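Some notes on the structure that comes next.
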Amino acid sequence: MYRDWKWQDGDILLSPRGNAALAEGMEVLRQDLLARLVSPRGSHWAFPLEGSDLLDYVGAPLDDLTRTEVLQEAERTLLEDPRVLEAWGEWTEGGLRLTARLTEEALSLLLPWPLEVTRG
């Protein structure tokens with residue numbers, strides 16, 4: 001199982017005892033992808049190619065062209081993560097909804113194994 005520091009509002013979340021709280025599994029990937037989406041491209045000194053240009057659209061009119069460009073930028077940003085095989089988005093009443101299909105290697109690190117799936 002993959003673990004990382006847990007983030008909340010841009011800061012490391014602390015446990016009641018004052019230790020850094022940990023995110024596990026899919027929560028780690030969710031945090032990582034969200035950080036890519038909200039970080040301006042080039043803003044991280046060690047990973048200057050990571051991030052997105054989504055902040056360029058803040059304050060822009062939410063017309064069809066802007067929606068299309070935001071959707072494409074978000075999908076492109078997710079696809080830059082090596083754990084993501086496919087990414088697609090759609091606009092819903094609640095805003096932009098993004099979905100990603102992950103590599104088998106990523107799933108093996110992020111999910112508890114053995115994974116049991118049942119139907120019904």
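Not measured: the values here are computed from a predicted model.
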**Donor-acceptor contact present, side-chain Ser15 to main-chain Ala20, <3.5 Å** = no

**Request:** Assess whether side chain to side chain contact (heavy atoms under 4.5 Å, CB included) is satisfied between Leu62 and Arg67, documenting all intermediate values.
**Result:** CA-CA 6 Å; Leu62 196 55; Arg67 285 178 187 261; 3.8 Å; yes

**Prompt:** Quick check: does any side chain N or O of Glu86 sit under 3.5 Å from a backbone N or O of Arg101, one acting as donor and the other as acceptor?
**Reply:** no

**Request:** To the nearest 0.5 Å, tell me how far Glu24 CD sits from Leu29 CG.
**Result:** 14.5 Å

**Item:** Enclosure of Glu90 CD (heavy-atom neighbours >12, cutoff 6.0 Å)
**Value:** yes

**Complete:** d(Leu102 CG, Met26 CE) to nearest 0.5 Å is 5.0 Å

**Item:** Leu13 side chain reached by Trp7 side chain, heavy atoms, under 4.5 Å
**Value:** no

**Asked** Less than 4.5 Å apart, any side-chain heavy atom of Leu33 and any of Leu78?
**Response** yes

**Request:** Answer yes or no: is there an ion pair linking Glu27 with Arg3, defined by an N-O contact shorter than 4.0 Å?
**Result:** no

**Message:** Do Glu80 and Arg41 have side chains that approach each other closer than 4.5 Å (heavy atoms only, starting at C-beta)?
**Reply:** yes

**Asked** If every non-hydrogen atom of Val28 is compared with every non-hydrogen atom of Ala23, which pair is closest and at what distance?
**Response** CG2-O, 3.3 Å

**Complete:** Heavy-atom nearest pair, Leu98 first then Gly89, reads CD2-CA, 3.9 Å

**Message:** Using the rule that Ile, Leu, Val, Met, Phe, Trp and Tyr join whenever any side-chain heavy atoms are under 4.5 Å apart, tell me whether Leu55 and Val70 fall into a single cluster.
**Reply:** no

**Message:** Minimum heavy-atom separation for Pro82 and Thr103, please, with both atom names.
**Reply:** O-CG2, 3.6 Å

**Asked** Going from CG on Leu54 to CZ on Arg76, what distance comes out if it is rounded to the nearest 0.5 angstrom?
**Response** 8.0 Å

**Prompt:** CG of Leu79 to CZ of Arg36: how many Å apart, nearest 0.5 Å?
**Reply:** 10.5 Å

**Request:** Apply side chain to side chain contact (heavy atoms under 4.5 Å, CB included) to Thr68 and Leu71, showing your working.
**Result:** CA-CA 5 Å; Thr68 300; Leu71 183 67; 5.7 Å; no

**CH2/Trp91: more than 12 non-hydrogen atoms of other groups inside 6.0 Å** = yes

**Prompt:** If every non-hydrogen atom of Thr77 is compared with every non-hydrogen atom of Ser52, which pair is closest and at what distance?
**Reply:** OG1-CB, 3.2 Å

**Fill in**
Interatomic distance, CD@Glu69 vs CG@Asp63, rounded to 0.5 Å, equals 8.5 Å

**Closest non-hydrogen atom pair, Ser39 against Ala35** = OG-O, 2.6 Å

**Request:** Mind checking the CG-CG spacing from Asp4 to Leu22? Nearest 0.5 Å is all I need.
**Result:** 8.0 Å

**Prompt:** Taking everything shown except Arg97 itself, do over 12 heavy atoms lie less than 6.0 Å from its CZ?
**Reply:** no

**Request:** Keeping the roles fixed (side chain from Gln31, backbone from Trp5), state whether a donor-acceptor pair exists under 3.5 Å.
**Result:** yes

**Request:** Over all heavy atoms of both residues, which pair between Thr66 and Pro61 is shortest? Give the atoms and the distance, please.
**Result:** OG1-O, 2.8 Å

